Amino acid sequence: MIELIKQMMQPKTNSSALFQLSIPVAIYLGSSYAWQYWLFTVLFSLSFYVLIGNNIGLHRYFTHRHFSVTKPVEWLFLWSGSMIMLGSPLSYAMTHMVHHKHPDTNLDPHGPVHGIKSWFIYFQKTVDPAETPMFSRRLIELKTKYEWAHRYYIPLVMLNAGLLYLIGWEVFLFGWWIPAGIASWIVTWSV
């Protein structure tokens with residue numbers, strides 16, 4: 001039972017897909033707000049979650065280590081990348097490395113061979129470190145530093161979402177739920 005609970009706290013396509021599908025509910029809840037909230041949401045999702053969280057943070061920094069940053073910037077990358085619900089730095093890096101190793105084949109976790117259904121996170125495969133033996137210096141570094149973020153991924157996201165809700169409903173809705181959800185769709189479409 002404890003092992004099942006531990007597995008449920010790690011990034012899985014089911015939880016990411018559920019988040020991705022919840023976006024119409026979030027849009028409905030925000031539909032009565034002024035256009036300024038929506039402008040902020042679109043700009044915030046593109047700049048903060050897609051650009052900083054996914055492209056710069058999870059992809060360039062955590063996966064490929066293209067540059068070095070200070071600790072506060074590293075934490076910002078971790079937070080903004082994790083809140084998109086695409087996985088922890090470790091699971092994201094492993095999935096991306098498998099993608100590079102087997103591009104456009106059936107082993108590619110998110111390639112064009114999956115067709116239009118790959119727009120939906122459920123049909124993409126999250127590579128699990130326990131199931132997929134991969135050896136890379138970068139993965140060893142990520143496992144050493146961020147295995148906790150992988151192991152407790154869902155509670156980490158829920159805690160952060162709860163803190164945003166405590167700050168204010170509008171912050172939760174227009175600062176995370178809608179923009180991070182839009183970002184998850186944008187990232188899956190671009191993959």
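For clarity, every value in this text was computed on a predicted model and none was experimentally measured.
- Linking ILVMFWY side-chain heavy atoms closer than 4.5 Å, directly or via other members, places L43 and W38 in two distinct hydrophobic clusters.
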Tell me which donor-acceptor pairs under 3.5 Å the side chains of residues 77-84 have, and how far apart each pair is, sequence neighbours excluded?
from	atom 1	to	atom 2	distance (Å)
W79	NE1	N160	OD1	3.2
S80	OG	L76	O	2.9
S82	OG	L78	O	2.8

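- Of all heavy-atom pairs between A183 and S45, the closest is CB-O, 4.2 Å.
- Hydrophobic clustering (side-chain heavy atoms under 4.5 Å, transitive across Ile, Leu, Val, Met, Phe, Trp, Tyr) keeps L159 apart from L173.
- Side-chain atoms of S22 and W177 form a donor-acceptor pair, as typed in the model, at a separation below 3.5 Å.
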* Assess whether side-chain contact (heavy atoms from CB on, under 4.5 Å) is satisfied between W185 and Q20, documenting all intermediate values. => CA-CA 7 Å; W185 279 102; Q20 192 178 35; 3.1 Å; yes
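- Under a hydrophobic clustering in which Ile, Leu, Val, Met, Phe, Trp and Tyr are joined whenever their side-chain heavy atoms come within less than 4.5 Å, directly or via other members, L156 and L163 fall into different clusters.
- With hydrogens and angles ignored, the 3.5 Å screen pairs a side-chain donor or acceptor of Y153 with a backbone N or O of G87.
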Q) Would W176 and Y49 satisfy ring-ring contact (aromatic ring centres under 6.0 Å, His included), going step by step from the backbone distance to the final call? A) CA-CA 9 Å; W176 175 65; Y49 290 114; 8.2 Å; no
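- L58 contributes atom CG, which lies 11.5 Å from atom CG of L90 (distance to the nearest 0.5 angstrom).
- Side-chain N or O atoms of T63 include none that pairs as donor or acceptor with a backbone N or O of R60 at under 3.5 Å.
- A donor-acceptor pair under 3.5 Å is formed between the side chain of S16 and the backbone N or O of M85.
- In the displayed structure, W169 atom CH2 is contacted under 6.0 Å by more than 12 heavy atoms of other residues, nucleotides or ligands.
- Atom CZ of R65 is separated from atom CZ of R137 by 11.5 Å, given to the nearest 0.5 angstrom.
- Linking ILVMFWY residues whenever their side-chain heavy atoms come closer than 4.5 Å, directly or via other members, places Y33 and I178 in the same cluster.
- Taking both residues in full, the closest heavy atoms of L142 and A93 are given as CD1-CB, 3.4 Å, listed atom of the first, atom of the second, then distance.
- For the residue pair F40 and G175, the shortest heavy atom distance occurs at CE2-CA, 4.4 Å.
- Distance CD1/I140 to NZ/K145: 14.5 Å, rounded to 0.5 Å.
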Problem set entry | side-chain contact (heavy atoms from CB on, under 4.5 Å) evaluation trace for L46 with L51 | CA-CA 6 Å; L46 292 175; L51 183 64; over 6 Å; no
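- Y28 meets the ring pair (Phe, Tyr, Trp, His ring centres under 6.0 Å) test with no other residue; sequence neighbours excluded.
- Judged purely by distance below 3.5 Å, without hydrogens or angles, the side chains of Y37 and E170 never pair a donor atom with an acceptor atom.
- Listed here is the closest heavy atom pair of V187 and L86: CG1-CD1, 3.4 Å.
- Residues F62 and Y92 place their aromatic rings such that the two centres sit no closer than 6.0 Å.
- Pairing each heavy atom of F48 with each of I52, the nearest pair is O-CB, 3.2 Å.
- Interatomic distance, R138 CZ to H64 NE2, rounded to the nearest 0.5 Å: 10.5 Å.
- The structure places CD of E147 at 9.5 Å from OG of S88, a figure rounded to the nearest 0.5 Å.
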